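All values derive from a computational prediction rather than experimental measurement. All values below come from the heavy atoms of this structure, side chains included, with hydrogens, waters and symmetry mates left out. Nothing fancy with the numbering, it's 1 onward along the sequence.
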Amino acid sequence: MLSARLAAIESAHAAGALTDHSLETIRVWLTEPRYAEFAGTLGDLVDRAAATGTAKSAWKDLDDAYWTVIPFGTGGRRGKMFPVGSNAINDRTIGESAQGLADYVQSALPAGTTATCAIAYDTRHRSEHFAKLCAEVLLAAGFRIFFLRGFRSTPELSFAVRHTGATCGIMVTASHNPPSDNAVKVYWAGGVQVLPPHDRGIIDRVMSVDTVERADFAAAVAAGRVRFVEDEVDAAFVAAVLRQATSGPRDVSILYTPLHGVGASAVVPVLAGAGFTKLRLYGPQETPDGDFPNVPGHVSNPENPAVMDGAVGEARARGDGLVMASDPDCDRLGASAPVTVGSEEWRAFSGNQLGALLTDWVLSTRAWTGSLRPSDRIVTTLVTSGLVRRIAEGHRAAITDWLQVGFKWIGEEIDRIGPEHFAFGCEESHGYLAGTHVRDKDASVAALLLAELAAALKERGQSLHEHLDGLFVAHGCHAERQVSVTLPGAAGMDRMREIMASLRKNPPSTIAGLDVIRVRDYGSLTVAERGGPPRPFPGAPHTAKKGDLVMFDLAGVPEASPHSGAETPFPTLSNCVAARPSGTEPKIKFYLFTAAPPLPAADLPATKELLAARLDHMERELKSLLGLSGV
């Protein structure tokens, strides 16, 4: 039978139905003892494909599962679930991830130290199974485990690492990916996702795993090596979030949806504990369900306003003042609200707009209570709206806005500047944090702050959107757009590399009729001004981190010198285009920014139209330039 299966994959390869890597890796999984537990399942899949011939369609699932090794990136491993395969999430790849983590942690600790790990999981299919599998691998390596039973949020896992003093942490979640996906996210002591040099060390160990050892979970529980900590951690986590609450109005009617995720375990107790009594859950999306059945497209991503359409319809009918939604692991927050108080017209907020509103709220409440200091720092990323920096400067607060994409860099920055100086962190992809109880984005604290702001504005007779317009008037009107292009498979990876190489080698001289005045290449940490030769970043590496990101600063808005509280050598983000491959999905992402200076309120509607048209122009021209017009 084995010889027939080996012959079948050779024939499929010869017919072009399997790549070279798929052929070699399937052969290894069929023949080597370390993959023996998967050989039966794989053999059945080979037999089924072979029975239909050598057509590519017959072998597609196997080729997708084996054409490469699913990467263990700088934060963990994420992908489509499939029972076998080096390029899929399954018991082998999750087991390898846990084994590599165990091996690295043991090598990094002093001899004789007992390592510990906090583990939690979300509502996705097989999340609990993978969480217990990770625990069994770590137990076999001598770890003690702090395990949270039941669905919990990613920020609560970060909190649990800190609360228990664990050496590391594992969160089983694929965030807002489709139902087919799952993942493990790895945290280091202190509750931040793994950072250099630990990330590289873990990756190297994961990629070199041969045998995955496991110990029985139930036996370890009986022996006291697994401690269930959900009751203790739940209460402590909610109490920590509530320490960010400020006194003030609470009279706002809120409809909240967890989008079939874990949010009811985090957002609801926080809002209730803060005194928001007019809080309801949106019934159709309330039940934890890894299929996300009542979400458009079955993708529970609050970056997509459509996921809130049903809730907004109910809220409009019942006279609510705010709809909020969190993603399945409750680290991102989306929101929608009436354009004016009591209006029938509702509008969702972008991640940048929420970041601006919450930045202003945090700094304003500190100013009103007399606790705002010049050293209080707002922390954000390179592709987050320049409005955040303008608001921070308006409050005379410090600002860090040169970080690479990913909230882990914000988590690291909290410890670099000192937690006592951290005021608020945000990123454009709906990630926010106030407080230092965690080192990751937290939808529950973001929901608390937004509810407070909405209630305070209601008392003044103002809507969240009207307040945002006020920020535009005071600090300049800013508009942003993200354009994501999905490029799956090996060919997609090659195309992404080609696009990034082209942008670096042949940068455009104009975009949407605006001159490119500066090209920033974060891959080489070099900057070229107006077509001049590249030169090293001023201040690097203290004000820049390497990453696969290229930014094109455009003319059009007078560039002011950085405020004394800003660390970056570059002016505030205004008109700009940025490009980077996604670190977690087969996508290349383009970030489009445009802005106008502070303006009279009467000019705001026309300015918004102008900026929207400019974003359209940027998107069309960029896609045409890169041959993506049909995508």
Side-chain angles (χ1 to χ4, degrees), residues 68-81 86-105 108 117-122 124-135 137-138 143 148 152-158 160-161 166-178 180-209 212 262 327-332 404-412 429 431 438-441 547 581-587:
T68 189
V69 175
I70 190 170
F72 188 98
T74 55
R77 212 169 201 177
R78 182 186 302 202
K80 185 176 181 179
M81 288 181 283
S86 58
N87 186 43
I89 293 296
N90 49 54
D91 281 11
R92 176 65 194 192
T93 52
I94 293 294
E96 288 173 347
S97 303
Q99 187 69 61
L101 173 64
D103 293 346
Y104 178 77
V105 168
C117 183
I119 299 177
Y121 56 93
D122 71 359
R124 286 181 175 272
H125 297 304
R126 296 180 64 77
S127 283
E128 182 179 4
H129 168 80
F130 289 138
K132 289 183 175 178
L133 169 59
C134 289
V137 173
L138 296 173
F143 278 63
L148 284 84
R152 293 297 184 275
S153 71
T154 290
E156 184 166 348
L157 183 278
S158 173
V161 173
T167 314
C168 59
I170 292 175
M171 180 69 198
V172 181
T173 178
S175 189
H176 54 270
N177 279 38
S180 59
D181 292 6
N182 217 326
V184 287
K185 293 173 69 173
V186 177
Y187 291 76
W188 201 248
V192 69
Q193 286 190 59
V194 287
L195 295 160
H198 301 306
D199 55 356
R200 187 71 255 171
I202 294 169
I203 291 168
D204 290 344
R205 293 292 184 132
V206 169
M207 292 299 107
S208 63
V209 167
V212 177
V262 307
D327 63 345
D329 64 323
C330 199
D331 60 355
R332 287 178 169 86
Q404 280 292 330
V405 181
F407 215 90
K408 68 178 185 178
W409 303 114
I410 296 176
E412 179 187 45
S429 56
V438 300
R439 293 294 186 273
D440 209 343
K441 51 190 175 286
S582 170
T584 57
E585 301 170 277
K587 293 179 179 179

Inset, instruction - Begin with the C-alpha distance, continue with both residues' side-chain angles, and end with the deciding distance and a verdict on side-chain contact (heavy atoms from CB on, under 4.5 Å) for V194 and I202. - result: CA-CA 9 Å; V194 287; I202 294 169; 3.6 Å; yes
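- Using modelled atom types and a 3.5 Å distance limit, the side chains of N177 and R78 yield a donor-acceptor pair.
- Between V105 and F143 there is a side-chain heavy-atom pair separated by less than 4.5 Å.
- In this structure, W188 and L195 have side chains that are not in contact, with every pair of non-hydrogen atoms separated by 4.5 Å or more.
- Here the closest heavy-atom approach between residue Q99 and residue V212 is recorded as OE1-CA, 3.6 Å.
- Taking all atoms of both residues into account, the shortest heavy-atom contact from V161 to C168 is CG2-O, 4.0 Å.
- Considering only heavy atoms from C-beta on, D199 comes within 4.5 Å of K408 through its side chain.
- Interatomic distance, K185 NZ to T154 OG1, rounded to the nearest 0.5 Å: 4.5 Å.
- Of all the heavy atoms in L148 and E156, the pair that sits closest is CD2-OE2, 3.7 Å.
- Distance check, rounded to the nearest 0.5 Å: CZ of F130 to OG1 of T93 gives 7.0 Å.
- A donor-acceptor contact shorter than 3.5 Å is absent between the side chain of T167 and the backbone of C117.
- A salt bridge links D91 with R126: the distance from a Lys NZ or Arg NE/NH1/NH2 to an Asp or Glu carboxylate oxygen falls below 4.0 Å.
- L157 contributes atom CG, which lies 13.0 Å from atom SG of C330 (distance to the nearest 0.5 angstrom).
- Each of V184, V137, V186 was evaluated against L101; a single residue qualifies, V186, per the side-chain contact (heavy atoms from CB on, under 4.5 Å) test.
- Scanning all heavy atoms of the two residues, the minimum distance from L138 to A102 falls at CD2-CB, 3.6 Å.
- V172 is listed as a side-chain neighbour of N182, based on a closest heavy-atom distance under 4.5 Å.
- Atoms CD1 and CD, on I70 and E96 in that order, are 10.0 Å from each other to the nearest 0.5 Å.
- For the pair R439 and E412, the salt-bridge criterion is not met [side-chain N within less than 4.0 Å of a carboxylate O].
- We find the CZ-CD1 distance between R77 and I203 to be 10.0 Å, quoted to the nearest 0.5 Å.
- Of the N and O atoms on the side chains of S158 and D440, not one donor lies less than 3.5 Å from an acceptor on the other residue.
- Summarising the geometry of I170 relative to C134, their closest heavy-atom pair is CD1-CB, 3.9 Å, with the distance given to 0.1 Å.
- At a threshold of 4.5 Å between non-hydrogen side-chain atoms, the residues M171 and Y187 count as touching.
- A donor-acceptor contact closer than 3.5 angstrom is absent between the side chains of D329 and H176.
- In this structure, the side chains of M207 and V69 come closer than 4.5 Å at one or more pairs of heavy atoms.
- Note on ring orientation: taking the six-membered ring where Trp is involved, the planes of H198 and Y104 are perpendicular (angle over 60°, cut-offs 30° and 60°).
- Put simply, CD1 on I94 and CE on M81 are 9.5 Å apart, with the number rounded to the nearest 0.5 Å.
- Between the side chains of D122 and S127, at least one donor N or O lies within less than 3.5 Å of an accepting N or O.
- One side chain, R332 or S175, offers a donor N or O that lies under 3.5 Å from an acceptor on the other.
- Here the closest heavy-atom approach between residue P155 and residue D331 is recorded as CD-CB, 3.9 Å.
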